[in-house]
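Everything numeric in this text was worked out from a predicted model, so none of it was measured. Just so it is clear, the values below take in all heavy atoms, side chains as well, and ignore hydrogens, waters and symmetry mates.
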Amino acid sequence: MCPIWRLLVLLSLLSLPSALHKQGLAKAHVDSKPALARIIAQGLMKHNAEHRIQNIRLRLMESLNASGQMAPGMVGWLISSMSLQQQRESSANVTNIQLDYGGIRMSFHKEWFSANISLEFDIDLRLSFNNKIIKIHVCMNLIMEFCLEKDEFGRRDLVIGSCGVEQSSIYTTVLTEDISPKMKHFLRHFRENLVKVTPHLVESQVCPLISEILRQLDVKLLKSLMEQAVAHKFNQL
């Protein structure tokens with residue numbers, strides 16, 4: 001990447017966008033975050049991460065149907081007994097997506113760092129045998145790890161580590177009221193399947209995007225930003 005292009009990328013990522021204010025985040029709160037957190041936030045907004053997460057709806061019902069074939073109790077019976085046409089008429093739309101851009105938490109240790117991002121969204125479930133739309137709220141944290149490694153010539157390179165949803169952070173709750181006892185039993189199993197399915201779908205959209213954002217940065221610049229963040233944290237002790 002030529003020096004001029006690197007400078008343009010950095011200036012583009014570090015400038016605070018008006019989109020932050022649309023998310024209801026205070027400017028002072030964002031400014032207090034490490035530069036790398038702001039770079040990730042900018043990149044996610046620039047590449048419209050919410051739209052990418054919304055697109056998991058295209059695979060959500062397919063994944064849930066596959067999971068439901070082996071599900072115990074009523075949920076397995078309901079889904080497996082649905083015809084192909086009924087499954088196609090069912091839908092699970094992803095709405096009200098919120099990524100906590102201003103709350104991205106960074107951790108640093110020598111030449112290793114991680115980013116912890118919170119997100120939440122609603123799933124509007126409509127089944128062919130029940131015209132009522134059932135809204136389910138989903139929350140989770142996604143953690144992505146990186147490090148700078150030296151090659152045999154002493155040159156550093158960005159290495160992408162693990163990236164995944166923290167299993168203990170996944171939480172689902174049914175927002176719709178006035179649900180029949182039988183449907184409540186179905187939803188209990190359905191939520192269990194959501195916990196299994198949605199993390200992988202979210203990871204497939206967000207992890208490659210964060211990796212792409214950071215790979216645009218010069219490695220020397222990235223190391224400098226890491227050192228600044230560590231120094232800032234040390235000064236606050």
Side-chain angles (χ1 to χ4, degrees), residues 19 22-24 40-41 43-71 74-101 103-104 117-144 163-167 169-179 183-213:
K22 293 179 181 179
Q23 296 292 333
I40 293 173
L44 290 173
M45 285 184 287
K46 180 180 178 182
H47 293 282
N48 200 356
E50 287 97 340
H51 179 69
R52 296 195 182 201
I53 294 173
Q54 188 177 36
N55 285 339
I56 70 173
R57 64 183 174 80
L58 302 174
R59 295 169 52 197
L60 184 57
M61 283 303 296
E62 178 183 344
S63 299
L64 287 170
N65 286 337
S67 177
Q69 299 297 330
M70 298 178 292
M74 178 173 286
V75 65
W77 177 79
L78 281 174
I79 295 179
S80 61
S81 63
M82 291 166 61
S83 66
L84 182 60
Q85 179 64 29
Q86 285 177 315
Q87 291 183 16
R88 288 174 178 172
E89 291 174 354
S90 301
S91 65
N93 291 324
V94 180
T95 62
N96 300 328
I97 304 160
Q98 298 181 38
L99 276 81
D100 189 4
Y101 294 115
I104 296 177
I117 305 171
S118 299
L119 62 130
E120 55 187 274
F121 51 86
D122 293 336
I123 293 177
D124 295 341
L125 175 66
R126 185 182 65 81
L127 299 174
S128 59
F129 54 82
N130 185 350
N131 291 326
K132 186 174 184 178
I133 294 178
I134 300 172
K135 189 177 289 290
I136 302 172
H137 190 67
V138 183
C139 305
M140 62 183 68
N141 293 337
L142 187 141
I143 301 177
M144 192 167 189
C163 179
V165 170
E166 187 179 14
Q167 198 66 26
S169 71
I170 306 172
Y171 177 77
T172 67
T173 182
V174 178
L175 302 180
T176 304
E177 300 179 352
D178 190 24
I179 298 176
M183 185 56 66
K184 286 181 179 179
H185 181 64
F186 164 76
L187 288 175
R188 180 168 63 85
H189 291 290
F190 186 82
R191 288 165 61 191
E192 292 175 359
N193 286 338
L194 276 181
V195 171
K196 298 175 184 177
V197 169
T198 52
H200 303 296
L201 296 178
V202 170
E203 290 162 6
S204 69
Q205 297 300 317
V206 181
C207 292
L209 183 53
I210 298 177
S211 177
E212 178 185 346
I213 292 167

Passing option when I53 is tested against T198, L119, N48 for side-chain contact (heavy atoms from CB on, under 4.5 Å): L119
Working for side chain to side chain contact (heavy atoms under 4.5 Å, CB included), residues V165 and E203: CA-CA 7 Å; V165 170; E203 290 162 6; 3.7 Å; yes
Over all atoms of both residues, closest heavy-atom pair of A92 and I123: CB-CG2, 4.0 Å
N141 to S118 - nearest heavy-atom pair and separation: OD1-OG, 2.8 Å
Separation of I56 CD1 from S204 OG (nearest 0.5 Å): 7.5 Å
With N96, the side-chain contact (heavy atoms from CB on, under 4.5 Å) member among Q54, K135, H137: K135
Candidate pair Q167 and V195, rule side chain to side chain contact (heavy atoms under 4.5 Å, CB included), full reasoning: CA-CA 8 Å; Q167 198 66 26; V195 171; 3.6 Å; yes
Considering all heavy atoms, the nearest I40-I213 contact: O-CD1, 4.0 Å
Full working for side chain to side chain contact (heavy atoms under 4.5 Å, CB included) between V206 and C163: CA-CA 9 Å; V206 181; C163 179; over 6 Å; no
Separation between CG of L99 and CD of E120, rounded to the nearest 0.5 Å: 9.5 Å
CZ-CD1 distance between F190 and I136, expressed to the nearest 0.5 angstrom: 5.0 Å
NZ-CD1 distance between K132 and I179, expressed to the nearest 0.5 angstrom: 5.5 Å
Pairwise distance CD(E212) to NE2(H47) - rounded to 0.5 angstrom: 5.0 Å
Interatomic spacing from CG in D122 to OG1 in T172 - rounded to 0.5 Å: 11.5 Å
Identified side-chain contact (heavy atoms from CB on, under 4.5 Å) partner of L125 from the options V174, I133, T176, L187: L187
